[in-house]
Amino acid sequence: MDTVQQLRTLLVEDNPTDALVIGEVLADVLDFQHRLVHAQSLSEALAQARSMPFDVVLLDLGLPDAQGLHTFKAFHLQAPELPVLVLTGLDDSSVGLQAIHHGAQDYLQKRDIRPSELSRAIRYAIERHREAVALKESRAELQRLSANIQHVREEEKARVARELHDDLGQQLAALKIEVGKIENRAEGARTAISGADLGNINDLIDRLVVSVRRIAADLRPAILDELGLLPAIEWFTDQFSARHRVRVIRRISADDIEFNRRSATAIFRIVQESMMNVVRHAGATEMTLEIECKGANCVVTITDNGHGCPSDERPSPNSFGLLGMRERAAGLNGELSIRTSPGQGFALSVSLPLAAIVDPE
Ligand SMILES: Nc1ncnc2c1ncn2[C@@H]1O[C@H](COP(=O)(O)OP(=O)(O)OP(=O)(O)O)[C@@H](O)[C@H]1O
Ligand SMILES: [Mg+2]
C-alpha cells in the first residue's frame, strides 16, 4: 500500500480569506499530507524558515512588509535552499515569470488554483529543486576537481622545468667545459682533432643550452616564482612580441598588489592562453593588456584588433582554452567575460576579488 507523503509546507499569505481558501485546496490534495505553517509577512516567513525545515513554500508576493518581485528576491536570498511556488493575482503573470527567472520554481494564480494543479506544481517544484541542488553540488565538485588537476599540472610543470634547467642545464655546462679543455689540449695537435669540429660541437652545445632554457621557461618561467607576476608578464609579453610580431601595449597599474602564488599562476596562465588565442585565431597586429584595480577587484583585460568572432559562437568540443580560463577565474571567486563580434576584435576580461588574490595561502 502506498503511504501518503508528509510535506512541511510554509504558506506565506496575509489575506485571511486567501489563506483559508489555499489551506482548503491543500487539504484536498490527496497525494500529500501537509503540515501547514502559516506566516503573514515576509519577516515572519523568514523567521519560520530559519526555525524549522520545510519541503515547499507557497509565497504570496503582496505582503505588508514586501511587495512584488522584491518579496521573492528577499525570501530567496535568505532561504535559497527552499523550493518556492509564487502566488500571484489573476492578471499578474509577468511578475510570476520574472520570479521564475530569479529562481522560483513556478507561479500559480491564487484565485484559480485547483487541487490537481497544486499537487502537480508542488511535486515538480520539489523535484526540480532537488535536481538543481544536486547539479549545483556536482558542479562545485567538478570545479574542485578541475582546480586540483590544474594545481597538480602546475606543480608537475614546475618540477620538470627545474629538472631541465638545473640538471640538464648543469650537465650541458659541464660538457662545454670539457670540450673547452680538449680544445686547449688540441691546440698543438691539429691533425688528431680538428679545431673546426670542436667549434661546431661548442655551437651545438650553446644552441642546446638555449633550447633547454626556452623549454623550461615555457613550462613554467622561473621569473614567476623568483620575481613575481608583473615582471613575469613583462618578460612574457616581450618574448611574445618578438616571436609572433604582434605589438603588445601594456597598461599595468597593479604594482601595489601582492599576488599570492595561486593567483599569480592563474593570471599568468590566463594572459598566456589568451595571447596564444590572439596568435591562433585573431589575425591581429596589435593587442592591449591591462591589469588594474577597480574597486575591490583586480581586472585583467586582453583586447586585440583582429577579426573577432560571433559572440554567440559555441566553441568546438575540443576547445579547452576559454573553459580553463573560466575555471581558473572561478577558482579565485572571479568571473570571465568576453566582448566580440565579427570585424570588431576580441576582448577578454577577468575580474578577480582582491581578497582572493592576496589571501595568504
Ligand atoms: N582573440 C580571438 N579572436 C578571435 N576568436 C577567438 C579569440 N580567442 C578565442 N577565439 C575563438 O574562441 C574559440 C575558443 O577558444 P579556446 O581557447 O577555448 O579554444 P581553442 O583555442 O580553439 O583551442 P585550445 O583548447 O587549444 O585553446 C576559438 O576556437 C576561436 O574561435
Ligand atoms: Mg585557445
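- We find the OG-CZ distance between S146 and R326 to be 13.0 Å, quoted to the nearest 0.5 Å.
- R262 places a side-chain N or O within 3.5 Å of a backbone atom of G331 that can act as its donor or acceptor partner.
- No side-chain heavy atom of L85 sits under 4.5 Å from any side-chain heavy atom of L59.
- Side-chain atoms of Q78 do not come within 3.5 Å of backbone N or O of A74 as any donor-acceptor pair.
- By the 4.5 Å heavy-atom criterion applied to side chains, V86 and V84 are counted as neighbours.
- Taking 4.5 Å as the limit, some side-chain heavy atom of F259 sits within range of a side-chain heavy atom of C298.
- T265 has its side chain within reach of R220: a pair of non-hydrogen atoms, C-beta onward, lies under 4.5 Å apart.
- Cluster annotation: L46 and L11 are assigned to distinct hydrophobic clusters (Ile/Leu/Val/Met/Phe/Trp/Tyr, side-chain heavy-atom contacts under 4.5 Å, transitive).
- Taken to the nearest 0.5 Å, the CD1 atom of I205 stands 11.0 Å off from the CG atom of N200.
- Formation of a donor-acceptor pair under 3.5 Å by the S341 side chain with backbone atoms of Q344 is not found in this model.
- Hydrophobic cluster membership differs between I122 and F54, with clusters built from Ile, Leu, Val, Met, Phe, Trp and Tyr side chains linked at under 4.5 angstrom.
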Just do the side-chain contact (heavy atoms from CB on, under 4.5 Å) check on T88 and L108 with the steps written out, would you? CA-CA 6 Å; T88 67; L108 297 164; over 6 Å; no
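- The neighbour count for E117 CD, taken as heavy atoms of other residues, nucleotides or ligands under 6.0 Å away, is above 12.
- Here E155 pairs with R261 in a salt bridge; the nearest charged N to carboxylate O distance falls below 4.0 Å.
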Is there a side-chain hydrogen bond (donor to acceptor under 3.5 Å, both in side chains) between N260 and S263? Walk through the geometry before answering. CA-CA 6 Å; N260 59 31; S263 66; 2.9 Å; yes
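- Ion pairing between a basic and an acidic side chain is recognised when a charged N comes within 4.0 Å of a carboxylate O; E154 and R269 show such pairing.
- T237 contributes a side-chain N or O that, together with a main-chain N or O of I233, makes up a donor-acceptor pair within less than 3.5 Å.
- No side-chain donor-acceptor contact under 3.5 Å links R213 to the backbone of H165.
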Take T285 and N305, measure what side-chain hydrogen bond (donor to acceptor under 3.5 Å, both in side chains) needs, and give me the verdict at the end. CA-CA 7 Å; T285 53; N305 68 350; 2.9 Å; yes
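- Counting only heavy atoms from C-beta outward, the side chains of L82 and D55 never approach each other to under 4.5 Å.
- Panel note: side chain E163, backbone R159; no donor-acceptor pair is recorded below 3.5 Å.
- Listed for the H129 side chain is a donor-acceptor partner under 3.5 Å among the backbone atoms of E81.
- Of the inter-residue distances, the one linking H70 atom NE2 with L63 atom CG reads 10.0 Å to the nearest 0.5 angstrom.
- Looking at heavy atoms from C-beta onward, I249 lies in side-chain contact with R247 at the 4.5 angstrom threshold.
- By the neighbour-count criterion of 12 heavy atoms within 6.0 Å, atom NE2 of H244 is densely surrounded, having more than that number from other residues, nucleotides or ligands.
- Within 6.0 Å of atom CZ in R8, more than 12 heavy atoms from other residues, nucleotides or ligands are found, so the atom counts as buried in its surroundings.
- Taking the side chain as every heavy atom from C-beta outward, L172 and V212 approach each other to under 4.5 Å.
- Between K181 and E178 a salt bridge is recorded (basic side-chain N to carboxylate O distance below 4.0 Å).
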Run the numbers on E13 and K110 for salt bridge (charged side-chain N to carboxylate O under 4.0 Å, His left out), then give the verdict. CA-CA 10 Å; E13 173 61 78; K110 64 179 165 181; 2.9 Å; yes
Derivation of the side-chain contact (heavy atoms from CB on, under 4.5 Å) call for E273 and I270: CA-CA 5 Å; E273 174 64 37; I270 288 172; 6.0 Å; no
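- Under the 4.0 Å criterion applied to side-chain N and carboxylate O atoms, R162 and D167 are not assigned as salt-bridge partners.
- With T71 as the fixed residue, the side-chain contact (heavy atoms from CB on, under 4.5 Å) test singles out one of D60, V12, L61: L61.
- In this structure, L20 is not a member of the same hydrophobic cluster as L10, with clusters built from ILVMFWY side-chain heavy atoms closer than 4.5 Å.
- In this structure, CD1 in I252 is found 4.5 Å from CD1 in I291, a value given to the nearest 0.5 Å.
- Put simply, the side chain of R250 gets close to the backbone of E234: a donor and an acceptor are under 3.5 Å apart.
- Atoms CG and CG, on L58 and D18 in that order, are 12.5 Å from each other to the nearest 0.5 Å.
- Under a cut-off of 6.0 angstrom, the local environment of CZ in R139 is sparse, with at most 12 non-hydrogen atoms contributed by other residues, nucleotides or ligands.
- Put simply, the residue from R35, H38, H34 that forms a side chain to side chain donor-acceptor pair (under 3.5 Å) with T9 is H34.
- Each of L87 and F75 belongs to its own hydrophobic cluster when Ile, Leu, Val, Met, Phe, Trp and Tyr are linked at side-chain heavy-atom distances under 4.5 angstrom.
- Closest approach of V95 to G68, counting heavy atoms only: CG2-C, 4.3 Å.
- The nearest pair of heavy atoms linking G23 to L36 is CA-CD2, 4.3 Å.
- Summarising the geometry, atom CG belonging to L135 is positioned 15.0 Å from atom CZ belonging to R130; distances are rounded to the nearest 0.5 Å.
- Under a cut-off of 6.0 angstrom, the local environment of NZ in K176 is crowded, with over 12 non-hydrogen atoms contributed by other residues, nucleotides or ligands.
- Here the side chain of H102 pairs a donor or acceptor atom with the backbone of Q98 at under 3.5 angstrom.
- Counting all heavy atoms, side chain and backbone alike, T301 lies closest to S349 at OG1-OG, 3.5 Å.
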What do the steps show when you test D106 against R128 for side-chain contact (heavy atoms from CB on, under 4.5 Å), and what is the final call? CA-CA 10 Å; D106 206 347; R128 261 198 310 265; 4.0 Å; yes
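- One hydrophobic cluster, built from ILVMFWY side chains closer than 4.5 Å, cannot hold both V21 and V37; they sit in different ones.
- Nearest approach of A104 to F72, heavy atoms of both residues: N-CZ, 3.2 Å.
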Candidate pair I302 and T288, rule side-chain contact (heavy atoms from CB on, under 4.5 Å), full reasoning: CA-CA 6 Å; I302 297 115; T288 307; over 6 Å; no
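- For the pair D65 (side chain) and S43 (backbone), a donor-acceptor distance under 3.5 Å is present.
- When all heavy atoms of Q48 and A39 are compared, the closest pair comes out as CG-CB, 4.5 Å.
- Shown here for T340 and G308, the closest heavy-atom pair between the two residues is OG1-CA, 3.4 Å.
- Taking the side chain as every heavy atom from C-beta outward, F320 and L323 approach each other to under 4.5 Å.
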